[in-house]
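Following: one structure in C-alpha cells, then a few remarks.
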Amino acid sequence: MAEFVRYRTPLSGGRAVTAPATCAQRHIWNLMQRQLPDAAFYDVCYWVPLPGHGTAQDLLDVFAELLRRHESLRTGFHRDADGSLVQEVMDSAEFETEVWTLARDEDADSVLHTWQSRMRHTPFEPARAPLIRFMVIVADGAPVFAAYCVSHLVVDLTSLRLLADEVTRLLDARVAGRPLPPAVPARQLVEQAELEHSPRGRALLKRARAYWSRQLASAPATLFPPRNGAGGLAAPVRYSAGMESRAVALAVPLLARRWRVSTSVVLLTVVAQLLGRRAGTPTCTLRLLAANRSDPELHGTIGNLHSEVAVTIGLEGERIEDVARRAFAECTAAYANGLYDPDEVADLIASAHGPGVPVDLSYCFNDVRLEHTLPPEAEDRAAVSGAALRAAMADTVVAPDEFEEGETFFLVIDDEIPGRIRLVLNADHQALTPSEVHGFLYDLERSLVEYAEGRGQQAMEERGAAAGGLGRSLP
C-alpha cells in the first residue's frame, strides 16, 4: 500500500502588500459564503502527469518557484474595519506537500482519488496563505504525477492549466540542468485591483452595469416554476449525470458551419431552446463563465479572473439559424462585459422585475473545451450522413457523475475523450429529477442530430406538443 511523507517547505523573498479584493475575488467570496458551512466546496484539485524523471525534491523546488513567481498563490483574504474584502500578499510562506510512494503494481489513480477525497473535506482558512497544497506520486524512484488542491479564490480554470504547463517546463529544465525558463510577464492581482479602481476600470464597471440591466429586463423570472404539490426541501438535493456522445461531436461542427456560429453557441442555442420550451418562455437567461483575459497583460496571469455573466437569448423565430445568430451576438456582448461589481449586480438581480421581485439566475452553461471554433480542415470535411449520426447515437453512454455544483442547473461541456463530446449536468431535484437529468441530456443529443439532419424544428415542436408544450421527453 502507498505511503506518504508530509513536507512543510518555507520560502521568502517576495513582496508583502495589501490591496482591495478584485471584482472576481469578491464574486467567488460571495459564492463561498452561500455554501457555508461547507467551506471546501470551492476548492479545486488538479493533477499533472509527469514523464517519470527527476526526484520528489525537484518537485518541491518547482512548487517553491511557483509560489515565488505568482503572488496569488501566497495571498490570503480578510475583511477590514469597514467590512470590505481585502487581499493580502505574504512575503514569506510555508507550503505543504505530500509525497506518496507507490507499492509495486499499485494504481496511481486510486492514490489520486484518495487524496482528492480527503482534500474535499479539508478546507482552507482564507486568511492563512498559501491557499494551496501539493502532492507528488513517486513510482520506481521518479515522480509520475503532481497534483495540487487550491482555493477558487486564488485560481480559475485557465490558471490551473497554466500551472500544469509551468510545472512540466520547470521540472524538465531542472532535471536537464538548464536555467529555469522565466515567468511569463503578467499582471498580478494587486495591480488588477488598482485598474478596477482607476477611471478606466470605473467606466468598464458602469458599462457592465448597464449591460446587466438590459439582460435582466427581458429575463424570465424562473426557468423551473414550482411543481404542482411540490413542498420545499430543508436543503437542496442535487444529482449529476454525464453523457459521452460521438453523435454530438459529429453534429456540432456541422451545425456551426451551417449556422455560421461557434461550436459553443450551437450547444448554447439548443440548451436554451430546450429550457425555454420546458418553461414556456420566449426567452432563456443563462450564466456563462467568462475568462476575462482579453487584455494581453492577463494572458499569463495566475489568479482568479473568472466571472459569471448573464446572457438572455430570444427564442422566437421560424428558423433555428436566426436564434443561433442572436445567441452569438449576445454571447459576444456578454464576454465583453465580464468585469462587473458583484455587489451592484446582486442588487440589480434582487429587484429586476420591481422592488423585491428577483430573477432566478441559478442556471449555468460552462463550455470548458480549449477550442470552440472550427478547425481549418473542417470546411473540407464531407457532410455527415443521417445514418452515421444515428449509428453514433447507439454508442452514447449516460451515467451518474460525481460532479458537484451549487446551482439549480449547471451544464459543463468538455472534449477530453477523443472523438466525443462529454456533457455533465448537475441539477436540483426540485427542478429536474434524476431521470429527467438523463432525459435532458438525451433530448439535447437527439435535438442536435435532428437539426443536423434538417428536421430539428419540426421534431422539437412535435415533442413539445406531445408533452403539453414543456418538452419533457425522456428516453
Side-chain angles (χ1 to χ4, degrees), residues 20-38 41-42 77 79 82-85 152-153 196-197 201-227 230-236 238 272 275-276 279-290 292 304 306-314 330-331 333-366 405-411 426-428 430-431:
T22 66
C23 290
Q25 289 168 340
R26 290 193 288 125
H27 171 66
I28 291 295
W29 177 275
N30 293 344
L31 292 177
M32 290 173 66
Q33 301 313 297
R34 296 212 303 259
Q35 287 297 326
L36 293 176
D38 187 359
F41 190 87
Y42 282 99
F77 299 84
R79 293 198 179 275
D82 69 359
S84 299
L85 187 65
H152 206 344
L153 278 167
E196 291 173 8
H197 286 81
R202 289 195 296 272
L204 290 173
L205 297 179
K206 181 179 179 181
R207 185 185 73 178
R209 181 185 175 91
Y211 168 83
W212 274 87
S213 295
R214 293 193 301 272
Q215 296 300 306
L216 293 170
S218 55
T222 182
L223 294 177
F224 292 97
R227 299 175 186 266
L233 299 177
R238 299 184 177 91
L275 288 171
T281 60
T283 62
C284 175
T285 302
L286 293 160
R287 298 201 330 266
L288 308 180
L289 276 69
N292 292 328
N304 173 36
H306 135 121
S307 66
E308 298 169 356
V309 193
V311 59
T312 299
I313 300 168
E330 293 291 353
C331 287
Y335 291 128
N337 288 280
L339 177 63
Y340 60 85
D341 184 310
D343 297 317
E344 287 187 352
V345 166
D347 290 341
L348 289 175
I349 293 171
S351 57
H353 291 179
V357 184
V359 166
D360 182 7
L361 292 183
S362 190
Y363 322 112
C364 287
F365 175 94
N366 187 16
E405 257 302 338
E407 311 296 333
T408 299
F409 177 100
F410 201 114
L411 182 69
N426 177 265
D428 185 337
Q430 294 192 74

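Here the closest heavy-atom approach between residue V309 and residue W212 is recorded as CA-CZ2, 3.9 Å. Here the closest non-hydrogen pair linking Y363 and T285 is CD1-O, 3.7 Å. Scanning all heavy atoms of the two residues, the minimum distance from A431 to T408 falls at CB-CG2, 3.5 Å. A pairwise comparison of heavy atoms in T22 and Q25 identifies N-OE1, 2.8 Å as the closest pair.
Using the six-membered ring where Trp is involved, H27 and Y340 have ring planes that are perpendicular, over 60° apart on the 30 and 60° scheme.
Residues satisfying the salt bridge (Lys or Arg N to Asp or Glu O under 4.0 Å) test with R238, not counting sequence neighbours, are none. By the side chain to side chain donor-acceptor pair (under 3.5 Å) test, R207 is found to be paired with N337, residues two or more places apart in sequence or in another chain being considered. The ring pair (Phe, Tyr, Trp, His ring centres under 6.0 Å) check on W29 picks up nothing, with sequence neighbours excluded. Judged as a ring pair (Phe, Tyr, Trp, His ring centres under 6.0 Å), and not counting sequence neighbours, Y211 has no contacts. For Y42, there are no ring pair (Phe, Tyr, Trp, His ring centres under 6.0 Å) partners at least two apart in sequence or on another chain. For the ring pair (Phe, Tyr, Trp, His ring centres under 6.0 Å) test, residues two or more places apart in sequence or in another chain that qualify with F409 are F440. Under the rule for a side chain to side chain contact (heavy atoms under 4.5 Å, CB included), the partners of T281 that lie at least two apart in sequence or sit in another chain are P220, L223, A279. Remark: D347 pairs with no residue by the side chain to side chain contact (heavy atoms under 4.5 Å, CB included) rule, at least two apart or across chains. Applying the side chain to side chain contact (heavy atoms under 4.5 Å, CB included) rule to A352 yields the partners L216, V359; only residues at least two apart in sequence or on another chain are considered. Residues satisfying the salt bridge (Lys or Arg N to Asp or Glu O under 4.0 Å) test with E407, not counting sequence neighbours, are R287. In this structure, the side chain to side chain contact (heavy atoms under 4.5 Å, CB included) partners of D341, at least two apart in sequence or on a different chain, are R26, D343, E344. Partners of S213 according to the side chain to side chain donor-acceptor pair (under 3.5 Å) rule, which considers only residues two or more places apart in sequence or in another chain, do not exist here.
Remark: the backbone N or O of Q215 is paired with a side-chain donor or acceptor of T312 at under 3.5 angstrom. Under a 3.5 Å cut-off, the side chain of H353 and the backbone N or O of A219 do form a donor-acceptor pair. Counting only distance, with no hydrogens or angles, the side chain of S307 and the backbone of G338 share a donor-acceptor pair below 3.5 Å. A donor-acceptor pair under 3.5 Å is formed between the side chain of N304 and the backbone N or O of A24.
If you take SG on C284 and CZ on F365, they are separated by 11.0 Å, rounding to the nearest 0.5 Å.
No side-chain heavy atom of H152 sits under 4.5 Å from any side-chain heavy atom of M32. In this structure the side chain of P20 reaches within 4.5 angstrom of the side chain of H197, judged on heavy atoms. Inter-residue side-chain proximity for L411 and L286 is flagged as unmet; no heavy-atom pair is nearer than 4.5 Å.
Using modelled atom types and a 3.5 Å distance limit, the side chains of S362 and D360 yield no donor-acceptor pair.
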Stepwise, does the side chain to side chain contact (heavy atoms under 4.5 Å, CB included) test hold for L31 with E308?
CA-CA 11 Å; L31 292 177; E308 298 169 356; 4.1 Å; yes
